[in-house]
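Some notes on the structure that comes next.
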Amino acid sequence: MGKRKALIAGNWKMYTTVVDGCRLALDVAKTCSELTDREVLVAPPFTILSEVAHVLKGSKIIVAAQNVCWAEKGALTGEISPVMVQAAGGSAAIVGHSERRQIFGETDELINNRVRGALAFGLLTILCIGETLGEREDGQTFNVLADQLRKGLASLTGADMANVVIAYEPVWAIGTGKTASKEQAQEAHAFIRGILVQIFEKTVAEQTRILYGGSVKPANIDELMAQIDIDGALVGGAALDAELFGRIINYK
Ligand code: PGA
């Protein structure tokens, strides 16, 4: 098996307009110009995707959308198609983020449509899954993860998985300053990899990158990345500060 290449992804959420977004992108690019053993991705808001992609041209940073529709075009008010993402200079998309699920009511079925659409147009697709605090306290964590994974990846083939990254983001750790301990994160990642073996096969599971997300900071990135099944991070708050994000990218 080839070693999984680490991926550090920054999700800018509903922050930044063109000037501060482009500056942030350029500052991030400076912090990772020398790295060859890991990939870096930023997901700016749709409104500045094209400007950010433009200033990052020539860098190796992957530019992603924070969500994406399944269709190429159509009467789908408020949605952005995979073709639009590509035309703006993006090559990836985050799908199923817990804020989409919790605040905007996106279901596993809808998210599966998005995943399939993104893949059909060749986007690198980050599927986010994760349990709420209530689900963890009720002992439902593994059931929730297995269910979101099976439904989110429904009808995909093993070959499709070459373009899929899973992000495990416990909802109780997002933006709260509470990170899962490295043991809790490793346990969930190992479980997710086990489910991938069941859905696909061992080689697919071994090649799929699983990112951890939820209050990732310079102070916890090194120990998280030292876990055998943690292949990268999906970073929110700390991704808006080039110095903090740079330190996370340059984890040891
Ligand atoms: P956070 O967000 O790093 O601010 O907790 C992570 C995410 O929502 O992807």
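Because the structure is predicted, anything quoted here is derived from the model rather than measured. Both ligands and their constituent atoms are indexed starting at 1 by order of listing.
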Filter on side-chain hydrogen bond (donor to acceptor under 3.5 Å, both in side chains), then keep only pairs touching residues 148-159, sequence neighbours left out; what's left?
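The answer is D147-K151, R150-Q198, T157-D160.
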Quick one: side-chain hydrogen bond (donor to acceptor under 3.5 Å, both in side chains) pairs with a partner in residues 237-247, sequence neighbours left out?
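Qualifying pairs: D222-R247.
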Consider every N or O of [X] and every N or O of ligand 1, then say whether any pair is closer than 3.5 Å.
{"X": "G175", "result": "yes"}
{"X": "G236", "result": "yes"}
{"X": "G237", "result": "yes"}
{"X": "K217", "result": "no"}
{"X": "S215", "result": "yes"}

Note the single closest protein heavy atom to atom 7 (C) of ligand 1, along with its residue, its atom name and the distance in Å.
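Closest protein heavy atom to atom 7 (C) of ligand 1: E169 OE2, 3.1 Å.
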Partner of D231 by salt bridge (Lys or Arg N to Asp or Glu O under 4.0 Å), out of R209, R38, R4
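Of the listed residues R209, R38, R4, the salt bridge (Lys or Arg N to Asp or Glu O under 4.0 Å) partner of D231 is R4.
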Quick one: sort the Y168 and H189 rings into parallel, tilted or perpendicular, breaks at 30° and 60°.
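The rings of Y168 and H189 stand perpendicular, inter-plane angle above 60°.
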If you measure from the Lys or Arg side-chain nitrogens to the Asp or Glu carboxylate oxygens, is any gap between D20 and R23 under 4.0 Å?
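No, D20 and R23 are not salt-bridged.
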Give a yes or no on this: more than 12 heavy atoms of other residues, nucleotides or ligands lie within 6.0 Å of atom NZ of K5.
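Counting other residues, nucleotides and ligands, NZ of K5 exceeds 12 neighbours.
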Taking side chain as C-beta onward, heavy atoms only, is V52 less than 4.5 Å from W12?
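They are in side-chain contact.
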Ligand-residue contact atoms, ligand 1 with [X], heavy atoms, under 4.0 Å:
{"X": "K13", "answer": "2 (O), 7 (C), 8 (O)"}
{"X": "G214", "answer": "5 (O)"}
{"X": "H97", "answer": "7 (C), 8 (O), 9 (O)"}

At under 4.0 Å between heavy atoms, is it the side chain or the backbone of A173 that contacts ligand 1, or both, or neither?
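The answer is the backbone.
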